[in-house]
Q: 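Can you keep this structure in mind? I'll have questions shortly.
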Amino acid sequence: MSEENKVLNFIEEIVEDDIRNNRHGGRILTRFPPEPNGYLHIGHAKSICLNFGLSMKYGGKTNLRFDDTNPVTEEVEYIESIKDDIKWLGFDWGNREFFASDYFQQIFNFAVNLIKQGKAYVDDLSSEEIANLKGSPTIAGTPSPHRDRTVEENLTLFEEMRQGKFKEGEKVLRAKIDLASPNMHMRDPIMYRILFTPHHRTGKEWCIYPMYDFAHGQSDSIEGITHSICTLEFENHRPLYNWYIDNIGIFPSRQIEFARLNLNYTVMSKRKLLQLVKENLVSGWDDPRMPTIRGMRRRGYTALGLRNFATSVGIAKRNNLIELSLLEHSVREDLNKIATRVMVVSDPLRVEILNYPKDKLEWLQVENNSEDPNSGKHEIPFSATIFIEQEDYMDNPPPKFFRLTKGGLARLKSAYIIECVDVEYDELGKVSSLKCNYFPESKSGSDTSGLKPKTTIHWVESNHALDISLRLYDRLFTVEEPDKQEGDFKEYMNPNSLVINNNAKGEPYLKTAFLDNVKHFQFLRKAYYVFDQDSTSDKLICNRTVELKDTFSKPK
RNA sequence: UGACUCAUGGUGUAAAGGUAGCACUACAGAUUUUGAUUCUGUCUGUUAAGGUUCGAAUCCUUAUGAGUCAACCA
């Protein structure tokens, strides 16, 4: 055991304890149980990493199980995307792919079992009537007039429910537990309801469907799940989870709850994300501003970055609000190691190098990534006209500005040192171009000039420059907790969450890289970028994944 | 004002009665042909009040604050 393994979260402690006590023979089986009614988000990623991580750590397995017990909201479309996202994240469930709907017959049999024990009954009351008789947390519920039907009567009625002899809402099957329980979930919860909507897998075979509480734990038990990990809002369901298992007498899976992930400046509920998509406030589930796995992937976040993030947020029972900066840190950490360095000028300022021969062109070697010695090199052109970043030149620099100024020096990355000798302005008085001289003996790698410019700036040669479209993404909301504000959360959307820049100039290698399927880049001194899926070799579109840390521009 | 759960720096997470640690953030400094990376350092914390104990973040009591629950959703 290494040092880091000694710090266990509370679930790992439970698992190690179970292994120590030889519970289930030391077998560990977890599951990830998505409902196929939406796309996976970063919160699901935390759960996926937890469940798969746990089984990998303790020599167990993890099942993928679709919790498809509500045909009204579920669609096949989501199943493929969910599987795709889990694979992309880097996890493999092998052949352990299951559906709660596969267990409908067994779950039905469990219900019959409870009816026979006198622990379940068919109720004719409407949804409203049942709710009204349920009482409140401080007031006990009132029994339904149908609570004491005979076993035979219940058996017949339930079978008739199954045969489709009743309309939707006409009858339900309820567990007979305790109408006075302080836990509302124990007040004769509904086990089955009638639904004539065809199911995406079982078609019209069934017209009665088990409720979550009578399907999830049963599926866990059928699969022999040892640790059924869910989020905190199911804490109050645990007594019911256990009651069903105890009373049916099936494999005792154990439910364990942990705090879901909350990220600031975003929303995480499927319902709200769906709203953003439906109302076209984002371009889709894979909009790079979305906290969905697809969105983050399109944004350029890496699977490893996301997995590391999931690990670093930790597992506990206390409600949390994670700062976006931790996510960004995790992503940068990975990208720093793998991103190919290129030069792209987002706001070009033309520079003429007066003492460089007008028709000369040289190709210079640059490293793909100085962090990775095996990443190789590529070539960039250099000539008498180049672009640099507008913000890298100032007439009247503030103190501590050490980029280019009139009469000042700067190193062009991987090329020469230049000195600014003259400045031209447009009619508005804005700097329109620079005249510089270069120092031939200052060439990168063989510099004998003895000059020590205070900084190195990025640049792009003008004749070979590629026009690049940049999509600059920022946080989707202007407030930390959009859900907790007054009024509609959508009022707090950040109007600048997407800014498109079509003026950027990139080095020609970008096109080669695109054709070579290189994905992640660091645009030197600016940010990490990824090619958007809409790119073609003639029109490169880059999504800004995350900016580089910048300790200079902060003070303003 | 019912039940369940939780409470440690700005954020997140450890410390199983014995030095309050780690990561992120922020701020310094060093290195740097990216104001990045890397390295070093600094700031800030046990919700409150009692109790048990030689000793309490940890155990007990009470208070306070927060979350969840009264869907034929999951």
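The structure displayed is predicted, hence computed values, not measured ones. All chains are named by letter (A, B, ...) in the order of the sequence lines, taking the proteins before the strands, and each is independently numbered beginning at 1.
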Q: Counting any heavy atom closer than 4.0 Å, what does A:Tyr209 reach on the DNA or RNA strands: base, sugar-phosphate only, or nothing?
A: nothing
Q: Taking only residues two or more places apart in sequence or in another chain, which ones pass salt bridge (charged side-chain N to carboxylate O under 4.0 Å, His left out) with A:Asp102?
A: A:Arg201
Q: At 4.0 Å (heavy atoms only), tell me whether A:Val172 reaches a base, stays on the sugar-phosphate, or touches nothing.
A: base
Q: When you measure from the centre of the six-membered ring of A:Phe108, is the NZ or CZ of A:Arg162 under 6.0 Å away and within 45° of the axis?
A: yes
Q: Among all residues two or more places apart in sequence or in another chain, which pass the side chain to side chain donor-acceptor pair (under 3.5 Å) test with A:Glu486?
A: none
Q: What is the separation between atom CG on A:Leu125 and atom P on B:rC72, rounded to the nearest whole Å?
A: 12 Å
Q: For A:Asp474, check salt bridge (charged side-chain N to carboxylate O under 4.0 Å, His left out) against everything at least two apart and list the hits.
A: none
Q: Pick the P atom in B:rA7 and in B:rC59, then give their distance to the nearest Å.
A: 10 Å
Q: Checking side-chain polar atoms at under 3.5 Å, does A:Glu35 have a donor or acceptor matched by the opposite partner on A:Asn37?
A: yes
Q: Would you say a side-chain N or O of A:Arg193 is under 4.0 Å from OP1 or OP2 of B:rA74?
A: yes
Q: Write down the distance separating the P atoms in B:rU62 and B:rU1, rounded off to the nearest Å.
A: 14 Å
Q: Do we count A:Tyr212 as stacking onto B:rA74 if the rule is ring centres under 5.5 Å and planes under 30°?
A: no
Q: Shorter than 3.5 Å, N or O on both sides, protein versus nucleotides 37-41 of chain B: list them out with atom names.
A:
{"unit_1": "B:rU37", "atom_1": "O2'", "unit_2": "A:Asn336", "atom_2": "ND2", "d": "2.9"}
{"unit_1": "B:rU37", "atom_1": "O2'", "unit_2": "A:Glu371", "atom_2": "OE1", "d": "3.3"}
{"unit_1": "B:rU37", "atom_1": "O2'", "unit_2": "A:Glu371", "atom_2": "OE2", "d": "3.4"}

Q: Considering only residues two or more places apart or on different chains, which pairs with a residue in residues 441-460 of chain A satisfy ring pair (Phe, Tyr, Trp, His ring centres under 6.0 Å)?
A: A:Phe382-A:Trp459
Q: What nucleotide, of B:rU33, B:rA71, B:rA70, holds the atom closest to the side chain of A:Met211?
A: B:rA71
Q: Tell me whether A:Asp220 is salt-bridged to A:Arg254, with the criterion being a basic N under 4.0 Å from an acidic carboxylate O.
A: no
Q: Can you pull every protein N or O that's under 3.5 Å from an N or O on nucleotides 4-7 of chain B?
A:
{"unit_1": "B:rU5", "atom_1": "O2'", "unit_2": "A:Glu235", "atom_2": "OE2", "d": "3.0"}

Q: Tell me which of A:Thr69 and A:Ile315 sits closer to the 5' end of RNA chain B, going by the nucleotide each one is nearest to.
A: A:Ile315
Q: Verify, without hydrogens or angle tests, whether A:Arg187 (side chain) and A:Ser181 (backbone) share a donor-acceptor contact under 3.5 angstrom.
A: yes
Q: Quickly work out the A:Asn320 CG to B:rA66 C1' distance and round it to whole Å.
A: 13 Å
Q: As a test of reading the structure: which of B:rC69, B:rC72, B:rC24 is closest to the side chain of A:Ser325, going by heavy atoms?
A: B:rC24
Q: Among B:rG67, B:rC24, B:rA74, which nucleotide sits nearest the side chain of A:His329?
A: B:rC24
Q: Please determine whether a side-chain nitrogen or oxygen atom of A:Arg525 lies at a distance below 4.0 Å from atom OP1 or OP2 of B:rG35.
A: yes
Q: Strictly by salt bridge (charged side-chain N to carboxylate O under 4.0 Å, His left out), give each pair with a member in residues 66-79 of chain A just once, sequence neighbours left out.
A: none
Q: Donor-acceptor pair under 3.5 Å: do we get one between A:Arg411's side chain and the base of B:rU33?
A: yes
Q: When rounded to the nearest Å, what value does the distance between P atoms of B:rU37 and B:rC4 take?
A: 49 Å
Q: So what does A:Phe402 hit on the nucleic acid, given a heavy-atom distance under 4.0 Å: a base, only sugar-phosphate, or nothing?
A: base
Q: Side chain of A:His237 only, please: which of B:rA74, B:rC72, B:rG35 is the nearest?
A: B:rA74
Q: With a cut-off of less than 4.0 Å, is there a side-chain N or O of A:Thr455 near OP1 or OP2 of B:rG35?
A: yes
Q: Tell me every residue that passes ring-ring contact (aromatic ring centres under 6.0 Å, His included) with A:Phe99, counting only those two or more places apart in sequence or in another chain.
A: A:Phe66
Q: Quick one: does A:Thr456 reach the base of B:rU34 with a side-chain donor-acceptor pair under 3.5 Å?
A: no
Q: Taking for each residue the nucleotide of RNA chain B bearing the nearest heavy atom, is the 5' side occupied by A:Ile190 or by A:Pro137?
A: A:Pro137
Q: Give the rounded distance in Å between these two atoms: CD of A:Glu391 and P of B:rG35.
A: 11 Å
Q: Among B:rU33, B:rA14, B:rC24, which nucleotide sits nearest the side chain of A:Lys413?
A: B:rU33
Q: Look at the side-chain N and O atoms of A:Thr551 and state whether any lies under 4.0 Å from the OP1 or OP2 oxygen of B:rA36.
A: yes
Q: Please convert RNA chain B into dot-bracket. A pair counts if it is Watson-Crick or G-U wobble with both distances under 3.5 Å; crossing pairs go in [ ] and bases paired with another strand get |.
A: .((((((..((((....[..)))).(((((.......)))))....(((((..]....))))))))))).....
Q: By side chain to side chain donor-acceptor pair (under 3.5 Å), which residues pair with A:Arg149, not counting sequence neighbours?
A: A:Asp124
Q: Please name all residues satisfying side chain to side chain donor-acceptor pair (under 3.5 Å) with A:Ser446, sequence neighbours left out, ordered by chain then number.
A: none
Q: Can you name the salt bridge (charged side-chain N to carboxylate O under 4.0 Å, His left out) partners of A:Glu235, sequence neighbours left out?
A: A:Lys317
Q: State whether the distance check finds a donor on one side and an acceptor on the other, under 3.5 Å, for side chain A:Glu233 versus base B:rG67.
A: no
